Amino acid sequence: MPKFLLMVNHDGGEFEQPMDEWAPDDITAHFDYYEALTKELVESGEMVQFTGLADPRLARIVRSDGASAPVLTDGPFPESKEVLAGFNVIDVDSEARALEIAARISAVPGPGGVPTRQPVEVRRVMNDIAFDL
């Protein structure tokens with residue numbers, strides 16, 4: 001079965017308002033949705049890994065030539081909508097199923113329960129068994 005990486009962008013989708021400004025009930029509904037979907041995918045055996053990432057402002061960039069001390073910076077960063085917010089690794093029967101799951105992730109509720117339509121990039125994971133691009 002092919003594995004896919006589903007990358008959720010930090011883009012707010014339909015909402016410009018950052019999550020830390022949402023009503024507490026909207027934040028709870030957002031994370032409850034993810035929890036229920038993750039539980040379903042774990043129970044079906046399709047979820048390999050789910051990881052949410054900390055605020056992009058906490059990220060660092062490392063550059064090294066392998067000989068001298070690495071250079072650490074906190075930017076420049078791309079626009080916040082281009083920063084990875086989290087990812088899932090799934091093991092599914094087909095690309096169609098991966099796209100179906102990505103669509104469900106994109107529909108996570110935002111303020112007022114309205115689906116956020118967050119962009120989710122779907123990438124097949126390379127492995128040593130199947131190299132059929």
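This structure is a prediction, so every number in the text was calculated from the model and none was measured.
Between the Thr38 side chain and the Glu35 main chain, no donor and acceptor come within less than 3.5 Å of each other. For the pair Asp65 (side chain) and Ala67 (backbone), a donor-acceptor distance under 3.5 Å is present. Thr116 places a side-chain N or O within 3.5 Å of a backbone atom of Ser106 that can act as its donor or acceptor partner. The main-chain N or O of Pro24 is found under 3.5 Å from a side-chain atom of Thr28 such that the two form a donor-acceptor pair.
Rounded to the nearest 0.5 angstrom, Leu84 CG and Leu5 CG are separated by 8.0 Å. One finds the CG atom of Asn88 at 4.0 Å from the CD1 atom of Ile105 (value rounded to the nearest 0.5 Å). The CD1 atom of Ile90 lies 11.5 Å from the NZ atom of Lys3; values are rounded to the nearest 0.5 Å.
The two atoms that bring Gly110 and Trp22 nearest to each other are CA-CH2, 3.5 Å, heavy atoms only. Between Ala29 and Pro109, the closest heavy-atom pair is O-CG, 3.8 Å. Between Phe4 and Ser94, the closest heavy-atom pair is CE1-O, 3.9 Å. Across all their heavy atoms, Asn9 and Gln118 have their closest contact at O-NE2, 3.1 Å.
The hydrophobic cluster containing Met19 does not contain Leu53, counting ILVMFWY residues as joined when their side-chain heavy atoms lie under 4.5 angstrom apart, directly or transitively. Tracing side-chain contacts under 4.5 Å through hydrophobic residues (I, L, V, M, F, W, Y), one never reaches Phe15 starting from Val108; they form parts of separate clusters. Hydrophobic clustering (ILVMFWY, side-chain heavy atoms < 4.5 Å, transitive): Val122 and Val125 are in distinct clusters.
Each ring-ring contact (aromatic ring centres under 6.0 Å, His included) pair with one or both residues in residues 34-56, not counting sequence neighbours, appears once here: His30-Tyr34.
For Glu40, the side chain to side chain donor-acceptor pair (under 3.5 Å) criterion is met by Arg104, not counting sequence neighbours.
Within a 6.0 Å radius of CZ in Arg117, other residues, nucleotides and ligands contribute 12 heavy atoms or fewer.
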Could you go through the side-chain contact (heavy atoms from CB on, under 4.5 Å) check for Glu95 and Arg124 one step at a time?
-> CA-CA 8 Å; Glu95 181 182 44; Arg124 186 162 179 182; over 6 Å; no
